[in-house]
Amino acid sequence: FVVPDCIFPKTGAKIQNLLDPAAKMGKTDDNASGVVFLLDDKDTIMRKFKRAVTDCDACVKFDKENKPGISNLLSIYCAATGKTVAEAEVEFAGQGYGIFKPAVAESVIELLRPIREEAERLTADKAYLESVYKDGAQKASYLAEKTLRKVYKKVGFVAR
């Protein structure tokens with residue numbers, strides 16, 4: 001087997017929790033306010049980013065040691081927009097966190113919009129969902145019967 005090469009982006013490879021920039025953002029986090037879920041609505045995402053941890057200095061500058069909260073938000077912004085950290089720093093130079101945080105939230109909202117819209121479309125189509133789970137049940141039943149026949153044969157029972 002050929003072992004694939006790993007590709008780690010310069011920014012956004014590891015997203016930190018919005019409320020605790022020392023911890024990784026994850027779906028099993030105790031406090032959901034620091035985690036952005038794929039199906040969160042626009043208002044929820046905006047509220048989470050507005051509450052994100054920052055520091056007393058209002059300068060948008062990447063510095064993981066002294067400004068972990070802002071560095072995390074910059075990483076998220078760059079991952080969502082495709083911009084470099086330097087470009088983002090120039091874009092928000094001289095602006096406070098009141099401008100920066102909503103901009104990060106808007107970029108994430110736009111990035112997740114297609115996923116959210118497709119999930120809403122699929123969950124609204126009850127007939128499609130029913131056909132998917134019935135088809136899956138038929139396939140699972142067929143495979144289970146096939147396996148059960150093999151087991152009966154190996155054990156010495158008469159096959160059905």
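Numbers for residues simply follow the sequence, beginning at 1. Quick note: numbers below take in every heavy atom, side chains included, and nothing from hydrogens, waters or symmetry partners.
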Who pairs with Lys14 by salt bridge (charged side-chain N to carboxylate O under 4.0 Å, His left out), at least two apart in sequence or on another chain? none
Residue pairs fulfilling salt bridge (Lys or Arg N to Asp or Glu O under 4.0 Å) with at least one residue in residues 64-78, sequence neighbours excluded: Asp55-Lys67, Asp57-Lys67
Go through the structure and list residues passing side chain to side chain contact (heavy atoms under 4.5 Å, CB included) with Ile115, not counting sequence neighbours. Leu38, Leu39, Leu112
Side-chain polar contacts of residues 1-8 - donor-acceptor pairs under 3.5 angstrom, sequence neighbours left out - could you list them?
none

Under the side chain to side chain donor-acceptor pair (under 3.5 Å) test, which residues partner Asp43, sequence neighbours left out? none
Output all residues satisfying side chain to side chain donor-acceptor pair (under 3.5 Å) with Glu91, sequence neighbours left out; order by chain, then residue number. Tyr77, Lys83
Give every residue pair that meets the side-chain hydrogen bond (donor to acceptor under 3.5 Å, both in side chains) criterion with at least one member in residues 123-132, sequence neighbours excluded. Glu130-Lys134
Side chain to side chain donor-acceptor pair (under 3.5 Å) filter on Arg113, not counting sequence neighbours, yields Glu110, Glu117
Can you find a heavy atom in the side chain of Gln16 that is under 4.5 Å from one in the side chain of Pro68? no
Would Leu19 and Asn31 count as a side chain to side chain contact (heavy atoms under 4.5 Å, CB included) here? Give the steps. CA-CA 9 Å; Leu19 299 179; Asn31 189 350; 3.3 Å; yes
Mind jotting down which residue pairs meet the salt bridge (Lys or Arg N to Asp or Glu O under 4.0 Å) criterion with at least one end in residues 31-42? Sequence neighbours excluded, please. Asp40-Lys48
ring-ring contact (aromatic ring centres under 6.0 Å, His included): pairs with one or both residues in residues 30-76, sequence neighbours excluded: none
Just to verify, what does Gln138 make a side chain to side chain donor-acceptor pair (under 3.5 Å) with, not counting sequence neighbours? none
Co-membership, hydrophobic cluster, residues Ile76 and Val85, 4.5 Å side-chain: yes
According to the ring-ring contact (aromatic ring centres under 6.0 Å, His included) rule, which pairs have a member within residues 97-117, sequence neighbours left out? Phe92-Phe100
